[in-house]
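Read through the structure below, which is laid out as structure tokens, and then see the notes.
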Amino acid sequence: MRIAIIGAGLAGVTSAYELALQGHEVQVFERDTSVATGASFAPPGLIAPGLMAARANAPLRWRGKPGQIGWRFAHWRAGRARGAQAMPEALHALALRGQAVMAVWRRELQMEVEREAGVLLLWRSAKDYKAAATLLARLQERQVPHRELDAEGCRAQEPGLNAETPLHGGILLTQDEAANARQFSQALRVEAQRLGVRWHFNTDVLRVEPGSSPAVHVAAGEPVRVDAVLVCAGKGAAPLLAAQGLKLPWGTVHTHTITAPLRQLEAHPDLGPRATVVDMSLGVSLTRLGQRVRVGGANELGGASSQPDGQSMGALHQAAHDWFPGALLAGGQQRWKTARLLLPDELPLIGESGLPGVWLNIGHGEHGWTMAGAAAQLISARLAKQDPGIDAALLEPGRLR
């Protein structure tokens with residue numbers, strides 16, 4: 001098949017590689033200059049099926065955008081409907097496969113990607129730790145490997161933790177990990193190109209034309225006719241789909257990160273995190289990426305998509321100071337903010353859009369890195385009319401109709 005992919009973030013790059021691997025003729029259209037320049041540029045980097053199963057969602061602050069009041073209510077209702085239940089089995093299966101697929105690709109393609117295994121959830125007080133009971137029940141229901149740790153056990157796992165910061169205990173998700181999403185995307189792009197994928201950067205897609213022979217209309221040149229169009233454009237997907245009458249109940253969630261060089265002191269080798277720690281009260285993760293630390297969180301509904309401000313970054317700075325004081329160098333810090341589309345039920349859209357010839361792989365929220373490889377395989381199987389091995393009906397766009 002001839003397939004056009006719109007968007008070259010993690011979803012687009014992994015889809016392009018998998019589809020080319022299955023023998024399809026693939027073209028990717030990206031309005032920016034390279035792969036992973038949007039929401040895949042500097043995310044917190046967690047590949048965490050266990051964290052997904054625990055449904056340990058970070059706080060979602062509201063920046064008061066009136067247009068999203070309806071979305072906030074729909075999100076609240078969806079949360080009430082879920083109750084204390086574990087995440088849907090199909091989504092957990094997708095996450096587990098996604099992690100496994102990434103591991104296979106890294107190994108077979110001999111990729112050098114910054115990566116650390118283990119995610120440690122931290123609670124500061126016994127009162128706060130009461131919330132862990134629900135998380136533990138979900139982990140046990142999904143049979144996720146984990147260990148409960150007291151404060152001493154947490155500090156043995158992460159010796160750099162500040163002894164002066166109150167710490168009651170934590171949960172270690174032994175099989176979760178974190179890795180550099182942009183580094184991975186750049187390496188996979190090279191491998192996809194070797195398989196024949198054609199990349200069209202600096203190319204604006206004006207509209208998608210559905211039909212038995214769908215087309216991608218670009219700013220310069222003739223429409224590109226293909227057998228299928230796969231939309232992986234992140235926040236850019238909404239206007240493209242709305243122009244064809246597919247208006248979905250999107251919310252816009254902003255995520256912030258700080259990436260800073262790690263101070264190197266021979267006398268203090270454990271200044272920063274060894275792997276990943278998550279401050280459960282602040283909803284902030286701190287991840288080791290080579291000789292740097294990425295601090296991520298400050299999730300906000302609404303607000304502007306402009307550069308991060310002090311209010312947004314406050315929780316990130318506080319978590320870094322509380323847990324690893326003096327570990328991050330002030331010079332060379334990268335402050336980053338991105339917008340992600342999220343549906344009220346927090347589930348992605350993977351499958352047929354309802355528009356003839358147009359497919360979707362969007363709306364993954366903060367767990368897109370975890371699911372990317374499996375979502376690509378799911379789309380590939382569906383296009384080939386094969387059994388994907390996962391009952392993913394819950395993730396199909398048709399659930400919203």
Side-chain angles (χ1 to χ4, degrees), residues 9-10 35-48 50-52 56-59 99 102 106 111-122 157-158 160-162 173 176-187 253-264 270-300 307-310 312-340 364-370 372:
L10 264 170
V35 301
T37 58
S40 303
F41 180 78
L46 299 185
I47 305 175
L51 193 64
M52 289 179 64
N57 296 328
Q99 184 182 36
M102 293 296 189
R106 285 197 308 263
M111 292 182 176
E112 294 185 4
V113 178
E114 295 169 333
R115 171 186 166 274
E116 297 292 343
V119 173
L120 178 61
L121 313 182
L122 300 177
Q157 182 70 25
E158 286 285 353
L161 289 172
N162 184 8
L173 302 172
D176 284 3
E177 58 188 313
N180 189 321
R182 184 165 184 259
Q183 191 180 56
F184 176 88
S185 299
Q186 290 174 325
V253 176
H254 292 99
T255 297
H256 303 74
T257 64
I258 298 171
T259 306
L262 182 62
R263 189 182 303 276
Q264 302 296 314
D270 292 310
L271 274 179
R274 287 182 173 179
T276 297
V277 301
V278 182
D279 184 315
M280 299 303 291
S281 63
L282 295 176
V284 173
S285 62
L286 300 99
T287 294
R288 180 74 170 263
L289 293 175
Q291 297 305 313
R292 299 170 300 152
V293 174
R294 180 160 294 162
V295 188
N299 294 326
E300 300 170 350
Q307 292 296 317
D309 55 29
S312 304
M313 289 293 180
L316 275 61
H317 286 292
Q318 180 182 342
H321 174 76
D322 287 353
W323 295 113
F324 302 103
L328 308 187
L329 294 173
Q333 290 192 6
Q334 176 192 69
R335 294 156 53 93
W336 181 77
K337 178 180 183 179
T338 192
R340 295 182 281 104
H364 302 84
E366 62 184 333
H367 297 296
W369 191 192
T370 304

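- Q183 and V113 make their closest contact through OE1-CA, 3.0 Å (heavy atoms, listed as atom of the first residue, atom of the second, distance).
- Remark: N180 CG to E112 CD distance equals 12.5 Å, nearest 0.5 Å.
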Which side-chain N or O atoms in residues 277-288 pair as donor and acceptor under 3.5 Å with protein atoms at least two apart or in another chain?
unit_1 : atom_1 : unit_2 : atom_2 : d
D279   : OD1    : S281   : N      : 3.0
D279   : OD1    : S281   : OG     : 2.7
D279   : OD1    : L282   : N      : 3.0
D279   : OD2    : R124   : NE     : 3.2
D279   : OD2    : R124   : NH2    : 2.6
D279   : OD2    : W323   : NE1    : 2.7
T287   : OG1    : T276   : OG1    : 3.0
R288   : NE     : G290   : O      : 2.7
R288   : NH1    : P273   : O      : 3.2

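- For the residue pair A178 and L46, the shortest heavy atom distance occurs at CB-CD2, 3.9 Å.
- One finds no salt bridge joining E366 and R340 here, because no Lys/Arg side-chain nitrogen approaches an Asp/Glu carboxylate oxygen to under 4.0 Å.
- For the pair F324/L161, a side-chain contact is recorded, criterion being any heavy-atom separation below 4.5 Å from C-beta on.
- Nearest heavy atoms, R106 versus I47: NH1-CD1, 4.4 Å.
- Note that NE2 of H364 is 10.5 Å distant from OG1 of T370, once rounded to the nearest 0.5 Å.
- Across all non-hydrogen atoms, the minimal contact from G332 to P261 is O-CD, 3.7 Å.
- Looking only at distances, a side-chain donor or acceptor of E158 sits under 3.5 Å from a matching main-chain atom of R274.
- In this structure, H321 NE2 and L316 CG are separated by 14.5 Å, a value rounded to the nearest 0.5 Å.
- Using a 4.5 Å cut-off on side-chain heavy atoms (C-beta onward), L173 and L121 make contact.
- Looking only at distances, no side-chain donor or acceptor of R115 sits under 3.5 Å from a matching main-chain atom of E177.
- Contact annotation: the side chain of V295 approaches that of L328 to within less than 4.5 Å [non-hydrogen atoms, C-beta and beyond].
- The shortest distance between side-chain heavy atoms of W369 and M102 falls below 4.5 Å.
- Considering R292, Q291, R182 in turn, R292 is the only one that fulfils the side-chain hydrogen bond (donor to acceptor under 3.5 Å, both in side chains) rule with E114.
- Here the closest non-hydrogen pair linking S185 and L10 is OG-CD2, 3.4 Å.
- Between R294 and Q334, the closest heavy-atom pair is NH2-OE1, 4.4 Å.
- Annotation: the span from E300 atom CD to T255 atom OG1 amounts to 9.0 Å, rounded to 0.5 Å.
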